[in-house]
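Just so it is clear: chains get the letters A, B, ... in the order the sequence lines come, proteins before strands, and each one is counted from 1. Predicted, not measured: the structure shown is a model, and the values here were computed from it.
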Protein chains: 2
Amino acid sequence: MAIASQEVSPARFSAQLRSHALQTRIMDLILERGLDVGDAMPTESELSAELGVGRNTVRESLKVLQALGVIEIRHGFGMFVAPNNFSALVSGLTFRGRLSLRHKGEEAMELIDVRQALESGLIGSAIDLLTDEHLADLRATMEAMEAAAKNGEHLYVHDAEFHRRLYAPLNNELLINLMDVFWQVYRKIHQALGTGPVNLEQQTQDHWDIYEAVANKDKALASERLQRHFDGIRLKLKDVAAS
Amino acid sequence: MAIASQEVSPARFSAQLRSHALQTRIMDLILERGLDVGDAMPTESELSAELGVGRNTVRESLKVLQALGVIEIRHGFGMFVAPNNFSALVSGLTFRGRLSLRHKGEEAMELIDVRQALESGLIGSAIDLLTDEHLADLRATMEAMEAAAKNGEHLYVHDAEFHRRLYAPLNNELLINLMDVFWQVYRKIHQALGTGPVNLEQQTQDHWDIYEAVANKDKALASERLQRHFDGIRLKLKDVAAS
DNA sequence: TTCTAGACATTGGATGTCCCATCTCCTGTA
DNA sequence: TACAGGAGATGGGACATCCAATGTCTAGAA
């Protein structure tokens with residue numbers, strides 16, 4: 001006879017498990033077939049037939065895999081195993097940040113904290129591996145930033161480029177991607193809040209200071225200046241959130 | 001009753017942009033309505049009507065949002081704004097890692113690098129904020145780990161718990177979530193490779209060493225022992241990948 | 001009062017249809 | 001021969017409409 005189950009219904013997640021299982025099956029299929037980045041996937045119909053589920057169901061999973069950066073979908077042509085691409089995380093994290101800003105902006109601050117920890121913690125290793133070539137790239141970025149500042153243009157592109165190149169010596173794509181995601185999320189949140197007045201010269205000078213410390217291979221100074229850079233960002237965010 | 005007569009823009013917009021736009025519209029709708037974590041979302045049909053797209057299309061976007069951890073879908077009941085939850089990232093990153101292991105396992109190594117940078121870089125701040133209560137929690141975890149090791153059980157749970165509690169003082173949920181994701185991805189990759197022989201005692205001792213340094217508030221020592229801990233993990237991974 | 005069975009709302013999934021984006025290749029013209 | 005343009009094939013995008021599965025809630029029975 002049926003006993004009233006004391007168990008907190010585990011079936012509450014059963015549906016998610018099934019759709020998650022389908023995603024996993026598709027990923028396993030890629031691995032089993034030895035497909036590599038850029039290779040073509042089976043068509044939606046083929047997958048639908050092969051996996052024994054409807055095409056709509058397959059599509060839902062495929063969209064998720066696309067969002068996770070696993071595959072790339074090209075309308076009218078086909079689907080392909082995607083190169084590393086975390087851009088999809090941006091929207092999710094941005095949403096989180098904006099949601100949190102309605103309270104006290106905690107999560108947005110947490111984001112800055114993580115960026116700060118990652119960047120100031122890794123700058124030492126990056127300086128160790130820095131070559132003249134990397135330094136020249138960095139300098140070129142700074143000059144472009146300065147030129148943009150003089151023209152009154154936004155520094156977004158150059159700012160992102162600077163931070164990306166700063167850690168290029170580490171040769172860690174995952175790290176670069178992660179940092180890029182965090183940077184973009186910060187930018188989007190900042191945009192959504194409405195940008196206050198920006199001091200382009202100050203911003204450029206901050207980056208020059210960091211560049212200088214890096215060029216002199218002064219790890220401690222570089223780390224400290226990065227810390228201060230982020231302190232400034234944090235303050236600005238707090239200002240905007242309070243208004 | 002179809003309100004579909006709304007003529008859309010000339011089909012200049014790429015498909016990805018359109019589906020991404022739909023996801024954004026749903027997220028904006030949440031923000032506009034002031035929904036908070038745990039609140040119920042409109043039903044699929046309502047969204048379909050409101051956004052002027054078919055229910056299947058809405059569902060694809062909803063699944064993506066679920067995968068990004070934005071919403072939680074409960075079969076037969078409804079959809080809700082989800083609490084922070086990065087577990088979905090795990091599958092995507094795991095896939096990346098396994099894909100890379102077919103070549104030289106670079107990405108899996110990069111993952112360890114990022115973990116190492118994050119953890120050894122942040123241990124100092126964590127020690128600054130460490131309270132007796134946190135320390136007691138940490139000790140409890142270690143004792144549980146030791147007990148498990150004596151019984152020959154896997155240490156997975158306790159290992160993860162240890163690293164989670166180590167950084168609890170920072171009070172940064174995003175960070176905890178990220179570390180958890182990385183930890184799980186590492187574990188899954190390791191599992192997929194087939195675990196070699198594991199030395200439970202050694203593993204436990206490593207963690208005790210770290211605990212000791214933390215308990216003594218010796219930041220430098222803690223950071224160094226964490227570094228060595230990850231060096232060990234990296235070596236183990238290299239061994240398995242080479243075979 | 002307590003427990004159970006069923007109604008209901010809502011998501012899960014399948015199928016069929018049509019639309020439209022992209023690529024390939026063939027043909028016609030210079 | 002070389003190149004431009006268009007027709008057709010391929011394949012994803014969107015939608016309507018079923019029915020199934022499942023969690024919740026309530027009415028009714030013990």
Task: Nucleotide D:dG11, atom C1' - distance to CD of A:Glu72 in whole Å - done: 15 Å

Open item on the list: Using heavy-atom distances to pick each residue's nearest nucleotide on DNA chain C, tell me which of A:Gly76 and B:Phe77 is more 5'.
Closed with: B:Phe77

Open item on the list: Distance check needed: D:dG12 P versus A:Gln66 CD, whole Å only.
Closed with: 12 Å

Open item on the list: Please list, in numerical order, the residues of residues 24-46 of chain B that have a heavy atom closer than 4.0 Å to any atom of DNA chain C.
Closed with: B:Thr43, B:Glu44

Open item on the list: Strictly below 4.0 Å: does B:Arg59 bring a side-chain N or O up to OP1 or OP2 of C:dG12?
Closed with: yes

Open item on the list: Checking A:Phe182 now: which residues fulfil ring-ring contact (aromatic ring centres under 6.0 Å, His included) with it, not counting sequence neighbours?
Closed with: none

- [ ] Find out whether A:Ile26 and A:Ile71 are in side-chain contact, i.e. whether some heavy atom of one side chain is under 4.5 Å from a heavy atom of the other.
- [x] no

Task: Residues, nucleotides or ligands: over 12 heavy atoms within 6.0 Å of B:Asp39 CG - done: yes

TODO: Specify the separation, in whole Å, of atom CG of A:Leu65 and atom C1' of D:dG12.
DONE: 16 Å

Open item on the list: Nearest to the A:Met79 side chain among D:dG12, D:dT24, C:dG12, which nucleotide is it?
Closed with: D:dG12

Open item on the list: Restricting to side chain to side chain donor-acceptor pair (under 3.5 Å), what partner residues turn up for B:Glu46, sequence neighbours left out?
Closed with: none

Open item on the list: For A:Tyr167, give me all partners under ring-ring contact (aromatic ring centres under 6.0 Å, His included), at least two apart in sequence or on another chain.
Closed with: none

Open item on the list: In this structure, how many angstroms lie between the P atom of D:dG13 and the CG atom of A:Leu47, rounded?
Closed with: 13 Å

Task: For B:Glu44, all residues meeting side chain to side chain donor-acceptor pair (under 3.5 Å), sequence neighbours excluded - done: B:Arg55, B:Arg59

Open item on the list: Run the salt bridge (Lys or Arg N to Asp or Glu O under 4.0 Å) test against B:Arg165 and tell me which residues pass, sequence neighbours left out.
Closed with: B:Glu161

- [ ] Can you check whether any acceptor in the base of D:dT22 is under 3.5 Å from a donor in the side chain of B:His75, or vice versa?
- [x] no

Open item on the list: Checking B:Asp28 now: which residues fulfil side-chain contact (heavy atoms from CB on, under 4.5 Å) with it, not counting sequence neighbours?
Closed with: A:Arg98, B:Thr24, B:Leu31, B:Glu32

Task: Results of ring-ring contact (aromatic ring centres under 6.0 Å, His included) for B:Tyr186 - residues two or more places apart only - done: B:His190

Task: Nearest-Å distance for atom pair CG/C1', residues A:Leu22 and C:dG13 - done: 11 Å

Short heteroatom pairs, N/O only, protein and nucleotides 14-18 of chain C, under 3.5 Å:
from, atom 1, to, atom 2, distance (Å)
C:dA14, OP2, A:Gly54, N, 2.8
C:dA14, OP2, A:Thr57, OG1, 2.3
C:dT15, O4, A:Asn56, ND2, 2.5

- [ ] Round to a whole Å and report the spacing from CG of B:Leu62 to C1' of C:dG13.
- [x] 15 Å

- [ ] Starting at atom CZ of A:Arg74, determine the distance to atom P of D:dT10, rounded to an integer number of angstrom.
- [x] 18 Å

